[in-house]
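Worksheet: one structure, shown below.
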Amino acid sequence: MSIKEQQHPKISVVIPCYNYGEFLPEAIDSVFAQTFQDFEVIIVDDGSTDSLTQEVLSQIDHPKIRVIRQEHQGAPVARNRAIQEAQGEFIVPLDADDTIAPSYLEKCCSAIAQFPKVGFVYTQRVHFGEESMTVGREYDFDRLLIENYINTNALYRKSDWEKVGGYREDLSCFQDWEFWINFGKHGIFGKLIPEPLYFYRRHPASISAVVSPKHWKEAYRAIMNLHDDLYTFDKIFDINIARQEIINDCHMGEIPMLHGRLHETYQLHAELVNKLVTTEQQLQHLYRSRGWKIISFLHRLRLRLPFINKL
């Protein structure tokens, strides 16, 4: 291994930032408080317009931090840009308004080394601010198809990000959800570290707080269309059972939101069922038609009397 390769950090923490200057220092401090210090921090200023964010970014001067500026294009573009520039073997995305516990990087590195078949690791998530709860679910790919329970900041290999083509930049929201589904589609599966090491700030400007039911439904429909080979006919009939299991398992504060979203999901799958039923009815009508019976009779006759083909 060359000297240059040895100087590369083990982990690249990538932070997209758009007008989050009031929260950014806290996110950065949580990274520098880590027990594992072999990291770099890449911040992408996604065209911030407020003076506070510009002031905070202008004051950053540290050998472990790189600041990249671009026109406002959205979080997935900023995240992809940061990862393109990353030199670490592993990637940890961190939103500018969130933080991680001091042992986060150390325990994620240890877990992914302990389980070589695991493609990424994530921890329990603590909600704070306008909402207080702790959530975390063991990895289940089938369940992931209908519920996004994996944290945005899971640790994964940069080579796997390259393998799946990064985060989709043409989705209106939930690009991270599609990213984890795409991981599973490529045989890259995850594992939960059952400790509350990721702190997710809930405030009025949070993406998950401002996504409308219409946008959620459009995004989910887009994900289904992108991965129609995963949303198969068989899974349609499991959706209601899974929907009820999620409602039974979730915290009381999550029930109204999840129930609404899962109801939309069920409606989307119902649309697929209706399309399949309509197609089946059309086929049955065709099979009962006089024209089809004549064609079927001639076909059977040709099979029984091969010499007819020579006439």
Item to check | Test log, rule side-chain contact (heavy atoms from CB on, under 4.5 Å), inputs Met133 and Arg125 | outcome: CA-CA 8 Å; Met133 67 173 65; Arg125 180 175 72 248; over 6 Å; no
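- Hydrophobic clustering, with ILVMFWY side chains joined whenever heavy atoms are under 4.5 angstrom apart, groups Trp180 together with Ile188.
- Note on Leu52: it does not cluster hydrophobically with Tyr18, by side-chain heavy-atom contacts below 4.5 Å among ILVMFWY residues.
- Side-chain atoms of Asp176 and Thr152 include a donor-acceptor pair closer than 3.5 Å.
- For the pair Gln124/Val135, no side-chain contact is recorded, criterion being any heavy-atom separation below 4.5 Å from C-beta on.
- The 12-atom threshold is not exceeded at NZ of Lys10, counting heavy atoms of other residues, nucleotides or ligands nearer than 6.0 Å.
- Tyr122 contributes atom OH, which lies 13.5 Å from atom CG of Leu197 (distance to the nearest 0.5 angstrom).
- Closest approach of Leu171 and Ala222 over heavy atoms only: CD2-CB, 3.5 Å.
- Between Ala82 and Val44, the shortest heavy-atom distance links the atoms CB-CG2, 3.6 Å.
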Checklist entry - Should Arg79 and Asp95 be marked as a salt bridge (charged side-chain N to carboxylate O under 4.0 Å, His left out) after you check the CA-CA gap, both sets of side-chain angles, and the distance that decides it? => result CA-CA 9 Å; Arg79 195 172 290 128; Asp95 287 346; 3.1 Å; yes
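- Of all non-hydrogen atoms in Pro9 and Asp38, the two that sit nearest each other are CA-OD1, 3.3 Å.
- Tyr139 is listed as a side-chain neighbour of Tyr149, based on a closest heavy-atom distance under 4.5 Å.
- Counted by atom type alone, Ser12 and Glu40 present one or more donor-acceptor pairs between their side chains at under 3.5 Å.
- Judged by a 6.0 Å distance limit and a 45° cone about the ring axis, Lys64 is positioned over the six-membered ring of Phe39.
- Evaluation of the salt bridge (charged side-chain N to carboxylate O under 4.0 Å, His left out) rule for Glu130 yields no partner, not counting sequence neighbours.
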Next on the checklist: Set out, in order, the CA-CA distance, both residues' side-chain angles and the distance that settles side-chain contact (heavy atoms from CB on, under 4.5 Å) for His8 and Glu89, then state yes or no.
Outcome noted: CA-CA 8 Å; His8 287 175; Glu89 177 186 358; over 6 Å; no
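- Using a 4.5 Å heavy-atom cutoff, the side chains of Val13 and Ile91 are not in contact.
- Residues passing the ring-ring contact (aromatic ring centres under 6.0 Å, His included) test with Tyr198, sequence neighbours excluded: none.
- Nearest heavy atom pair, residue Pro25 against residue Gly21, reads CD-O, 3.1 Å.
- Under the 4.5 Å side-chain heavy-atom criterion for grouping Ile, Leu, Val, Met, Phe, Trp and Tyr, Ile223 is connected to Leu145 within one hydrophobic cluster.
- The side-chain heavy atoms of Lys185 and Leu230, taken from C-beta on, include a pair separated by under 4.5 Å.
- Within the 4.5 Å cutoff, the side chain of Ile60 has heavy atoms near those of the Ile28 side chain.
- Looking at Glu55, its side chain never comes within 3.5 Å of a backbone N or O of Asp50 through a donor-acceptor pair.
- Grouping the Ile, Leu, Val, Met, Phe, Trp and Tyr side chains by contacts below 4.5 angstrom, directly or via other members, places Phe189 with Phe183.
- Looking at every heavy atom in both residues, Leu192 comes nearest to Gly136 through CD2-C, 4.1 Å.
- At a threshold of 4.5 Å between side-chain heavy atoms, the hydrophobic network of Ile, Leu, Val, Met, Phe, Trp and Tyr places Val77 and Val67 in two separate groups.
- Residues Cys17 and Thr53 are in side-chain contact: their nearest non-hydrogen atoms beyond the backbone lie under 4.5 Å apart.
- Side chains of Glu178 and His227: a donor-acceptor N/O pair is present below 3.5 angstrom, by distance only.
- Between the side chains of Gln70 and Asp45, not a single donor N or O lies within less than 3.5 Å of an accepting N or O.
- Between Tyr220 and Trp177, the gap from one ring centroid to the other is short of 6.0 Å.
- No side-chain N or O of Glu195 forms a donor-acceptor pair with one of Thr123 less than 3.5 Å apart.
- With 3.5 Å as the limit, one finds a donor-acceptor pair spanning the side chains of Asn153 and Tyr104.
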Checklist entry - Between Leu144 and Ile181, is a side-chain contact (heavy atoms from CB on, under 4.5 Å) present by the stated rule, with each step listed? => result CA-CA 7 Å; Leu144 180 62; Ile181 291 175; 4.1 Å; yes
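- Minimum interatomic distance between Glu85 and Ile68 (heavy atoms only, all atoms of both residues): CG-CD1, 3.4 Å.
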Listed pairs under 3.5 Å, donor-acceptor, residues 159-167 side chains, sequence neighbours left out:
residue: Trp161; atom: NE1; partner: Asn80; partner atom: OD1; Å: 3.1
residue: Tyr167; atom: OH; partner: Tyr156; partner atom: OH; Å: 2.9

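- Using a 4.5 Å heavy-atom threshold, the side chains of Ile43 and Val41 count as touching.
- Here Phe199 and His127 keep their ring centres 6.0 angstrom or further from each other.
- Between Arg66 and Gln87 the shortest side-chain heavy-atom distance falls below 4.5 Å.
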